[in-house]
Amino acid sequence: MRLKYGLALLMSAGAVLVSAQDATPTPDPCTDPVNMMIHWVTQNNDCALHEEISFTFNASYPHDIAAQSPFAGSVMLNYINEERKQFWTNATVGGTPEFFGSGPWTLDMSYETFYHSPSVVSVLFDMYTYTGGAHPNTYFKTFTFDLENESLYTLEGLFQEGVDARETLAPIARVQLQQTLADFPDFIDTGTEPHPDTTTYPGLDNYANWVLTEDALVLYFPPYQVAPYVAGPQTVSIPLVDLQNVLNPAFLPGS
Amino acid sequence: MKIFKFIALSSLFVVVGLIAAQDVATPIPVVTDVPIPTQVPCVDPAVGAQNNRWQSQGSNCSLQESVVIGVSVSYPQALGEQYPFAKAIMLKYINQVRRDFWEDVDTFVTRPDDDFHAWQWSLDIKSEIFQHSQTIASVFFTTSLRTGGSTQEQTAFQTYTFDLAGSRTIALRDLFVDGVDPYTTLAPLASAKLREKIGDGFMNAIVNGTIPVPENYAAWVLNETALVLYFPGERIGVAGLGTQVVTIPLVDLGPSLRPEFLQIP
């Protein structure tokens with residue numbers, strides 16, 4: 001009995017080995033033995049290679065705001081031109097396609113406008129980019145213009161003298177973010193740090209992106225800042241009335 | 001000196017401006033290096049109206065730039081599969097052209113201040129096989145390249161004739177018996193055929209294009225019964241007429257040719 005089982009086992013093992021040999025893929029006759037990564041395929045009676053890579057840059061900005069305020073127009077164009085230049089400078093393929101992927105390399109700069117008042121308007125630039133990594137990415141840039149005075153607001157400029165805007169906003173932002181991103185407390189703490197160490201990342205500002213709506217200050221956090229990439233970008237909307245003790249009265253609703 | 005005064009005064013003005021801004025929360029002026037846009041909608045003044053690529057779309061000013069770079073190559077599969085030496089030779093040529101193309105892409109596409117990014121980029125290598133006999137085959141590659149703003153392609157040819165039994169390539173000289181110069185033999189024949197085809201009006205260009213030097217006879221194949229020469233139009237002064245193909249029956253080359261190439265099936 002044991003012998004029978006032993007023989008059966010041996011035969012099965014043999015069959016597996018034979019089928020494993022059968023399953024060994026025969027090399028594609030079109031493979032380039034010297035450059036195995038180049039993707040040749042058999043097509044009709046030919047060996048064929050098709051490679052394509054595309055680079056696309058799209059940008060837009062609000063014409064009406066630029067027409068109303070040449071200053072705002074020049075600030076937005078200046079920013080777009082910098083981004084554009086950077087994109088095309090980085091659009092390097094650095095060799096042949098098997099080493100850099102097929103793209104499409106993309107930078108899409110779209111925008112949204114928010115009116116706090118007829119003369120105070122925020123423009124949010126939303127950048128969607130893919131430059132050959134594991135996935136695309138998103139980042140933001142915001143400007144808040146005073147259209148009458150042809151100037152730009154800073155975050156500090158919204159607050160009363162002596163108020164540390166970032167120290168004020170950090171705890172509020174953390175509370176809101178923890179409601180939806182409870183699994184990522186470390187991400188939130190680091191990404192909302194009022195005064196992060198800029199030794200490693202010069203110029204790092206966790207509160208660089210914000211807009212003023214009619215009645216709220218909205219903070220924008222790109223992916224990775226307060227949560228992992230999969231969680232996407234995050235926003236925190238703070239009603240201006242909640243900041244009434246620290247905000248410059250000019251920005252309080254109804255002022 | 002005036003410049004220093006101006007800078008000092010400007011700095012003072014900025015500092016005072018900043019302090020005043022903090023005091024009363026007035027907007028902080030930001031200086032940009034982009035000139036103020038003109039009244040013309042959607043023109044980037046840094047570029048000017050002439051080269052402007054911005055477009056007005058509703059309430060947007062939009063800019064769309066795109067480069068699509070494509071490579072398409074083929075070579076005869078059966079020949080490559082059965083004769084690895086031929087495959088290696090064809091792939092060496094293809095890989096070199098392909099590598100040069102991507103290097104050019106790398107050099108030019110990434111120059112944002114120029115218009116190179118708006119160019120058309122493509123490389124297309126097509127192949128055709130000619131069988132002279134069971135053991136002699138020619139492959140004719142046509143390489144079409146677009147690397148510019150114009151839609152005109154640059155075309156180049158590359159040919160190989162393989163001795164499949166001997167695992168080697170055959171040079172033009174190898175077709176002829178010892179002591180016969182292939183170029184001086186072919187020049188009068190090619191010149192006469194070209195005159196027949198495109199007329200005496202191009203005589204000077206034809207003479208120059210068929211001077212008996214290797215460059216003029218670089219592209220050729222052997223079919224069953226003839227030696228076929230390819231002359232790019234620009235080489236013989238008829239760019240507008242395209243490539244000129246001259247077919248010389250092997251029998252016409254008679255005793256100049258090695259006997260094995262005269263054994264017409």
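Small disclaimer: the values here were computed from a predicted structure and weren't measured. Residue numbers start from 1 in every chain, and the chains themselves are labelled A, B, ... in the order their sequence lines are given, proteins ahead of strands.
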*When A/Gln43, A/Met109, A/His50 are compared by non-hydrogen pairs under 4.5 Å with chain B, the top option*: A/His50
*Using a cut-off of under 4.5 Å on heavy-atom pairs, state which of A/Ile38, A/Asn35, A/Thr144 scores highest against chain B.*
A/Ile38
*Looking at side-chain heavy atoms only, is the closest gap between B/Leu63 and A/Asn58 below 4.5 Å?*
no
_Other residues, nucleotides, ligands: >12 heavy atoms within 6.0 Å of B/Gln134 CD_ = no
*Counting only heavy atoms closer than 4.5 Å, note whether A/Pro249 contacts chain B via side chain, backbone, both or neither.*
neither
*May I have the step-by-step check of side chain to side chain donor-acceptor pair (under 3.5 Å) for B/Ser59 and A/His63, ending in yes or no?*
CA-CA 5 Å; B/Ser59 61; A/His63 174 232; over 6 Å; no
_Portion of B/Asp124 that has a non-hydrogen atom of chain A nearer than 4.5 angstrom_ = neither
*Go through the atoms of A/Asp108 and report whether side chain, backbone, both or neither lie under 4.5 Å from a heavy atom of chain B.*
neither
*Heavy-atom check, side chain of A/Pro29 versus side chain of B/Gln77, under 4.5 Å*: yes
*asked:* Below 4.5 Å, heavy-atom pairs only: which of B/Gln64, B/Gln57, B/Arg99, B/Gln55 has the largest tally toward chain A?
replied: B/Gln64
*A/Thr31 versus chain B, heavy atoms under 4.5 Å apart: side chain, backbone, both or neither?*
backbone
_Taking A/Asp32's backbone N and O only, do any of them form a donor-acceptor pair with B/Lys87's side chain (distance below 3.5 Å, no angle check)?_
no
*Side chain, backbone, both or neither: which part of A/Asp64 has a non-hydrogen atom closer than 4.5 Å to chain B?*
both
_Counting C-beta onward and ignoring hydrogens, is there a side-chain heavy-atom pair between A/Trp105 and B/Val67 closer than 4.5 Å?_
no
_B/Ile94 side chain reached by A/Trp40 side chain, heavy atoms, under 4.5 Å_ = yes
*Given that the side chain runs from C-beta out, which part of A/Tyr111 has a heavy atom under 4.5 Å from chain B: side chain, backbone, both or neither?*
side chain
*Rounded to the nearest 0.5 Å, how far does CD1 of A/Ile53 lie from CD1 of B/Ile69?*
6.0 Å
*Check step by step if side chain to side chain contact (heavy atoms under 4.5 Å, CB included) holds for A/Glu52 and B/Val68.*
CA-CA 7 Å; A/Glu52 186 175 289; B/Val68 179; 3.6 Å; yes
_Proximal component of A/Ala250, with respect to chain B [non-hydrogen, under 4.5 Å]_ = neither
*Measure centre to centre between the rings of B/Trp121 and A/Phe55, then say whether the value is under 6.0 Å.*
no
*Under 4.5 Å from a heavy atom of chain A, the part of B/Ile129 involved*: neither
*Atom CD1 of A/Ile80 and atom CH2 of B/Trp54: how far apart are they, to the nearest 0.5 Å?*
4.0 Å
*asked:* Looking at every non-hydrogen atom in both residues, tell me the closest pair between A/Asp46 and B/Ser74 and how far apart they are.
replied: OD2-OG, 3.8 Å
*Pick one of side chain, backbone, both or neither for A/Ile65, based on which atoms fall under 4.5 Å of a heavy atom in chain B.*
neither
